[in-house]
Amino acid sequence: MKPDIVLPISTPEGDFWARYTENGLAGIDFPGRRRAVRSHSTPALPKRVKQWHLQATQALKSVLSGRPFKSLPPLDWTEATPFQQKVWRVMLSIPMGKTLAYGGVASRIGNPSACRAVGSACGANPIPVLVPCHRILAGNGGLGGFSGGLQWKRRLLEREKVSFRE
DNA sequence: TCCAATATTATGC
DNA sequence: GCATAATATTGGA
């Protein structure tokens, strides 16, 4: 497998990092986290990667400003397990401003008692914000957790006018 | 193959 | 309300 391509996305909230493979968008990192390795020596950038990056940038900025994104680049989930793909697909289907409980997601994938596993799958989500893992709340209305830091989850939810318990 | 960990939830006190 | 068990999935020993 060829080395991944990492490109910065500048937003009012800071510089995110987008990671691409030959299949599509593979991951997003929050500003300062820099989990992915930066490649400042960008070789010839494939045309489609540029196009993906453009879409990803617009989508990210839209979400950060509280608006739904128009389009999304193809997502590379080839390394994910089938269960994780199911969970993330459910998350993508959650409309802006709506939330779902971990157990609710579990029900929608036909495994109501897999709420715990759903939490794990959310934590394993490599593409936060775009795959709206922040719209998953606990059953009692509390925030669950968030891989990139709960502060981001709070900020995103407030931006979507979602109320939650603390 | 088994064991421990996890961004939960339901139950009993 | 708080402590405890149960549940599905995953990753490492």
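Residue numbers begin at 1 in each chain, while the letters A, B, ... track the order of the sequences.
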*Asks:* Does anything in residues 93-103 of chain A come within less than 4.0 Å of DNA chain B? Heavy atoms only, and list the residues if so.
*Replies:*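 Heavy-atom contacts with DNA chain B come from Ala101(A), Tyr102(A), Gly103(A).
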
*Asks:* Using every non-hydrogen atom in the two residues, find where Ser147(A) and Gly123(A) come nearest and quote the distance to one decimal.
*Replies:*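 Heavy-atom minimum between the residues: OG-O, 3.9 Å.
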
*Asks:* Using Watson-Crick and G-U wobble pairs with both distances under 3.5 Å, what is the 5'-to-3' dot-bracket string of DNA chain C, with [ ] for crossing pairs and | for pairs outside the strand?
*Replies:* ||||||.||||||

*Asks:* Quick one: does His53(A)'s side chain have a donor or acceptor within less than 3.5 Å of a partner on Pro8(A)'s backbone?
*Replies:*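 Yes, His53(A) side chain to Pro8(A) backbone: donor-acceptor pair under 3.5 Å.
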
*Asks:* Between Trp17(A) and Gly27(A), is there a donor-acceptor pair closer than 3.5 Å when you use the side chain of the first and the backbone of the second?
*Replies:*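 Judged by distance alone, no pair lies under 3.5 Å.
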
*Asks:* Select base, sugar-phosphate, or nothing to describe what Phe146(A) touches, counting heavy atoms under 4.0 Å on all strands.
*Replies:*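 Result for Phe146(A) = base.
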
*Asks:* Which residues pass the salt bridge (Lys or Arg N to Asp or Glu O under 4.0 Å) test with Glu13(A), not counting sequence neighbours?
*Replies:*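 Glu13(A) satisfies salt bridge (Lys or Arg N to Asp or Glu O under 4.0 Å) with Arg155(A) once adjacent residues are dropped.
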
*Asks:* Which nucleotide of DNA chain B is the first, and which the last, in the 5' to 3' direction, to come under 4.0 Å of a heavy atom belonging to chain A?
*Replies:*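 Contact boundaries, 5' end first: dT6(B) to dT9(B).
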
*Asks:* Just jot down the salt bridge (Lys or Arg N to Asp or Glu O under 4.0 Å) partners of Arg135(A), sequence neighbours excluded, or say none.
*Replies:*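 If we apply the salt bridge (Lys or Arg N to Asp or Glu O under 4.0 Å) test to Arg135(A), skipping adjacent residues, the hits are Glu160(A).
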
*Asks:* Measuring from atom CG of Leu25(A) to atom CG of Leu72(A), what distance do you get when rounded to the nearest 0.5 angstrom?
*Replies:*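 Going from the CG atom of Leu25(A) to the CG atom of Leu72(A) covers 7.0 Å.
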
*Asks:* Can you tell me how far the NZ atom of Lys153(A) sits from the CG atom of Leu137(A), to the nearest 0.5 Å?
*Replies:*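 Going from the NZ atom of Lys153(A) to the CG atom of Leu137(A) covers 5.5 Å.
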
*Asks:* By the definition side chain to side chain contact (heavy atoms under 4.5 Å, CB included), identify the one residue from Lys86(A), Arg89(A), Gln85(A) that meets it with Ile109(A).
*Replies:*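 Going through Lys86(A), Arg89(A), Gln85(A) one by one, the side chain to side chain contact (heavy atoms under 4.5 Å, CB included) with Ile109(A) is satisfied by Lys86(A) alone.
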
*Asks:* Hey, what do you get for CG (Leu75(A)) to OG1 (Thr21(A)), rounding to the nearest 0.5 Å?
*Replies:*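 Spacing of CG (Leu75(A)) from OG1 (Thr21(A)) equals 10.0 Å.
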
*Asks:* Assign Gly123(A) to base, sugar-phosphate, or nothing according to its heavy-atom contacts below 4.0 angstrom with the strands shown.
*Replies:*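 It contacts base atoms.
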
*Asks:* With rounding to the nearest 0.5 angstrom, report the CG to CD1 distance, Leu60(A) to Ile127(A).
*Replies:*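 Here the rounded value is 11.5 Å.
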
*Asks:* CZ of Phe69(A) to CE of Met96(A): how many Å apart, nearest 0.5 Å?
*Replies:*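 Answer rounded to 0.5 Å: 7.5 Å.
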
*Asks:* Which of parallel (below 30°), tilted (30 to 60°) and perpendicular (above 60°) describes Phe30(A) and Phe16(A)?
*Replies:*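 Plane angle between 30° and 60°, so tilted.
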
*Asks:* dT9(C) C1' sits how many Å from Ile109(A) CD1, rounded?
*Replies:*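 For the pair Ile109(A) CD1 and dT9(C) C1', the rounded distance is 10 Å.
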
*Asks:* After noting the C-alpha distance and the side-chain angles of Asp29(A) and Val6(A), does the key distance pass the side-chain contact (heavy atoms from CB on, under 4.5 Å) rule?
*Replies:* CA-CA 10 Å; Asp29(A) 284 317; Val6(A) 177; over 6 Å; no

*Asks:* Could you list all N or O pairs between the protein and nucleotides 2-7 of chain C that sit under 3.5 Å apart?
*Replies:*
residue, atom, partner, partner atom, Å
dA6(C), N6, Arg116(A), NH1, 3.4

